[in-house]
Amino acid sequence: MKFPYEMYPWQEQMLSFLYATNNRDVIIESPTGSGKTIVSLYYALEKFPDKVVIYLTRTNSQGENLIREAKALGSSKVMSFLGRGEMCLFKSSGNEMSQGDPAEQSQYCRNLIERQKKSGDGCPYSPDYEGQWPLNIMSQTDFLRLGNQDFCPYYAQKKLLESSKVIVTTYSFLLNSFIRERFIEWIGVEPDDIVIIADEAHNIPDLIREMFSLKLSGNNFKNCRKELDQYGDYRIGNIYTSFVFEYLEEAFQNILKEGDRVIRPEDIRDELMSVFQMNSNEIKRILMAVAEYGLSIKESKANENRLPRSYIYNTSNLLLKMMEDDEDYNVRIVHSEEPGFISILYLETYEMLKFLRNFHKVIFISGTISPFYKFKNEMGIENSDDLTVRTDYLENNLKVLFVNDVTSKYTSKELNIQIMRDYIQKIIKNIERNKVIFCTSYEQLNYFLEADIEGRIFFERKGMSNEEFKKLIDTYRVKGGSLFAVINGRISEGIDLPGKLLELAVIAGIPYPAPSPETSSLELFYDMKFRRGWEYAYEAVAATRLRQAIGRLIRKPSDRGVAIILDSRARHFKKYLPNLYLSSNVVDDSISFLNQ
């Protein structure tokens, strides 16, 4: 296999490093545009010709880059793999496939197949694909085309897994244990015959927390009432299910009244006992009986050719979980602001990631993975080969400036946001380049929205639909100007604006996580486990957000850009931002650099 492009010095460095690694785990931090994707894929295919390569991405769209690079390498038997929700053609007829979780989708799909075999009124797309490769590289679009031949694209994917060489998929297929076991079984090899390349790997700890975390909200009770209206009220001893949910919702509302905080399972049990006037064991027995009724509703829905979901089943099991003392590192958190909810947040990630040790080699790549020791702590990595890649184009084409007379620190909020507004207006007026202004919150963004800032400006709004967001970006691409967005949102992490589309990024403050029960819990956990509470919970998170936003400027070696941080506290981030300089005139310094 031949490398398809002229190799840059930093790519030669990455490749030499990879060939010299001895540990199973490899961590590479390399900036956007450095070619880390194709280098890692080339290495994996050359070094391990008898292994299956799984390339993991955070979103489906991010996998498209790997598909392009595989084509450039001339690889064969490369395929994307997506879930039923994305690949089901029958869902366009109005069924509920896309609404289910993986277990519900799996059961629903099997029911539709059986119904088609028995009576012809199930799913018309055949799961019996013969396993031929129409193309050497099969993307999502290529699989969907098989629907024109009446084959199910999802089952066609499953069949081709058996003979695939490279599989591009999202993290959920490995992080979710329910899916992982089946997924590897479908590939037909042992974990030691698999090489993992994990792209944007810095996201893994947060992804697994999101996947395991649970939430109880008012919608749970609303949906349970609808289900009872449809399937009938069920009597459990001396009490009807409708009254059970009335009591549960009353306890839920009582807990919300006391404000945002961390609570114990004991607190939940006490409130339930107060409302029900029963001991906790009696309440648990009632909830288990309610769950049994929910299970019968799931079966009824399956027989009705519907998604086998029961809100009664899910909600009763969730409450049982919230009442239970367990040994895992997790906390129950109350959010009282509308719409209020109680959640279970998992703090520990390394125990849930032990399965990664079973693979032959795992290559973690990202542009913002440092500090490496934090990543290793959260991943449970003891021994690894690590590399930080420095590129000359990033050194020469990016300048990061900060000012010394403003801060987004909460104690100085009102005065400083006015100073920031004046800076931003001056930058927009005097630097005629396309720019994004990254705000630290929607509250800050709304202030700027109402501040009558002059110029061709665009605003990302909270709750924008995908269609509205796409229209916003498309309009900005055509017209250019100044785009206001929230840091750590869709624009700072997932949008490419190469070349002249984006030459200036203004960051209105240091994007520390907002004070919350979740962040406080994480700080306490990190301090207890690693003695690095503040650094892991606040500083490292802010540094990653800063680097992600600044990274929008340089998407390929020829790009050039300036980032301006409107916060004197930026000086504390010099170790994360080597191109950082104090500026007494950010307008003149920016123009001078961009005109070079």
Side-chain angles (χ1 to χ4, degrees), residues 31 392-409 411-440 444-445 447-449 451-459 476 480-487 491-492 497 499-512 542-543 545-554 558-596:
D392 57 5
Y393 70 85
L394 199 62
E395 299 292 330
N396 298 329
N397 294 359
L398 173 68
K399 177 158 281 192
V400 183
L401 307 174
F402 76 98
V403 296
N404 207 26
D405 58 347
V406 66
T407 178
S408 59
K409 195 172 183 179
T411 53
S412 323
K413 184 176 177 181
E414 290 188 14
L415 172 63
N416 280 281
I417 199 166
Q418 295 174 26
I419 300 173
M420 282 186 186
R421 186 255 180 218
D422 293 341
Y423 262 118
I424 290 168
Q425 180 63 83
K426 188 176 179 181
I427 289 166
I428 290 174
K429 181 179 179 180
N430 293 286
I431 305 177
E432 296 180 354
R433 307 281 181 143
N434 289 325
K435 58 189 76 69
V436 173
I437 294 86
F438 289 108
C439 304
T440 55
Q444 188 189 59
L445 186 148
Y447 170 84
F448 294 135
L449 176 61
D452 296 324
I453 293 175
E454 298 177 359
R456 187 187 295 121
I457 60 175
F458 306 89
F459 283 88
Y476 170 81
S482 302
L483 174 59
F484 284 74
V486 172
I487 206 163
I491 292 173
S492 66
L497 297 168
K500 300 295 183 181
L501 287 173
L502 179 60
E503 295 182 87
L504 187 69
V506 180
I507 301 171
I510 302 299
Y512 289 113
R545 292 176 179 179
L546 283 169
R547 296 170 73 201
Q548 286 280 346
I550 293 168
R552 297 301 99 192
L553 291 164
I554 310 295
S558 59
D559 287 346
R560 190 172 182 83
V562 173
I564 301 171
I565 303 174
L566 300 178
D567 200 312
S568 59
R569 295 175 296 172
R571 61 167 55 86
H572 302 307
F573 292 84
K574 179 68 176 177
K575 65 180 178 181
Y576 301 102
L577 303 169
N579 296 36
L580 181 68
Y581 302 94
L582 175 64
S583 173
S584 59
N585 191 325
V586 291
V587 169
D588 287 352
D589 288 346
S590 297
I591 292 172
S592 174
F593 182 80
L594 291 171
N595 284 340
Q596 288 178 13

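All residue numbers in this chain count up from 1 along the given sequence. Being a predicted model, the structure only gives us computed values, none of them experimental.
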Exactly one of I428, I431, I591 clears side-chain contact (heavy atoms from CB on, under 4.5 Å) with L504, and that residue is I431
Margin query: Can you tell me how the ring of F459 sits relative to the ring of F484, calling it parallel under 30°, perpendicular over 60° and tilted otherwise?
Written below: parallel
Side chain to side chain, L497 and Y476, heavy atoms closer than 4.5 Å
yes
Backbone N/O of G480 and side chain of N434: donor-acceptor pair under 3.5 Å = no
Of all heavy-atom pairs linking S568 and T407, the shortest is OG-CB, 4.2 Å
What one should report as the nearest heavy-atom pair of P511 and I487 is CB-CG2, 3.5 Å
In this structure, CZ of R545 is separated from CD1 of I510 (nearest 0.5 Å) by 12.0 Å
Item to complete: For the residue pair I457 and I437, establish whether any side-chain heavy-atom pair is separated by less than 4.5 Å.
Response: no
Rounded to the nearest 0.5 angstrom, the CD-CE distance for Q425 and M420 is 16.0 Å
Exercise for review: Report yes if the side chains of I417 and Q444 come closer than 4.5 Å at any heavy-atom pair, otherwise no.
Suggested key: yes
- Message: Main chain of L580, side chain of R571: is a donor-acceptor contact present, judged purely on distance under 3.5 Å?
- Response: no
Can you confirm whether K574 is buried at NZ, in the sense that more than 12 heavy atoms of other residues, nucleotides or ligands lie under 6.0 Å from that atom? yes
Exercise. Should the heavy atoms of other residues, nucleotides or ligands under 6.0 Å from CD of E454 be counted, would the total exceed 12?
Worked result: no
State, yes or no, whether a side-chain contact exists between L502 and D559 at a heavy-atom distance under 4.5 Å.
no
Is it true that the NZ or CZ of R569 lies under 6.0 Å from the centre of F402's six-membered ring and within 45 degrees of the ring axis?
-> no
Nearest heavy-atom contact between I419 and D405 is CD1-O, 4.0 Å
N579 and L394 have their tightest heavy-atom pair at ND2-O, 3.0 Å
Rounded to the nearest 0.5 angstrom, the CZ-CD1 distance for F448 and I453 is 6.0 Å
**Asked** Looking at side-chain heavy atoms only, is the closest gap between V586 and Y423 below 4.5 Å?
**Response** yes
Using modelled atom types and a 3.5 Å cut-off, is there a donor and acceptor pairing between side-chain atoms of R560 and backbone atoms of N396? yes
Closest heavy-atom pair, I554 versus Y393, reported as atoms and distance to 0.1 Å, is CG2-CE1, 3.6 Å
Here the gap from L546 atom CG to Y512 atom OH, rounded to the nearest 0.5 Å, amounts to 8.5 Å
Closest non-hydrogen atoms of D589 and S584, given as atom of the first, atom of the second and distance, are OD2-N, 4.4 Å
Separation between NZ (K435) and OG (S590), nearest 0.5 Å, reads 10.0 Å
#### Entry: Side-chain heavy-atom pair V587, K426 within 4.5 angstrom cut-off
yes
Distance col, row R456:CZ vs L483:CG, nearest 0.5 angstrom, shows 13.0 Å
| query | Short question: side chain of R421, backbone of A451 - any donor-acceptor pair under 3.5 Å? | reply | yes
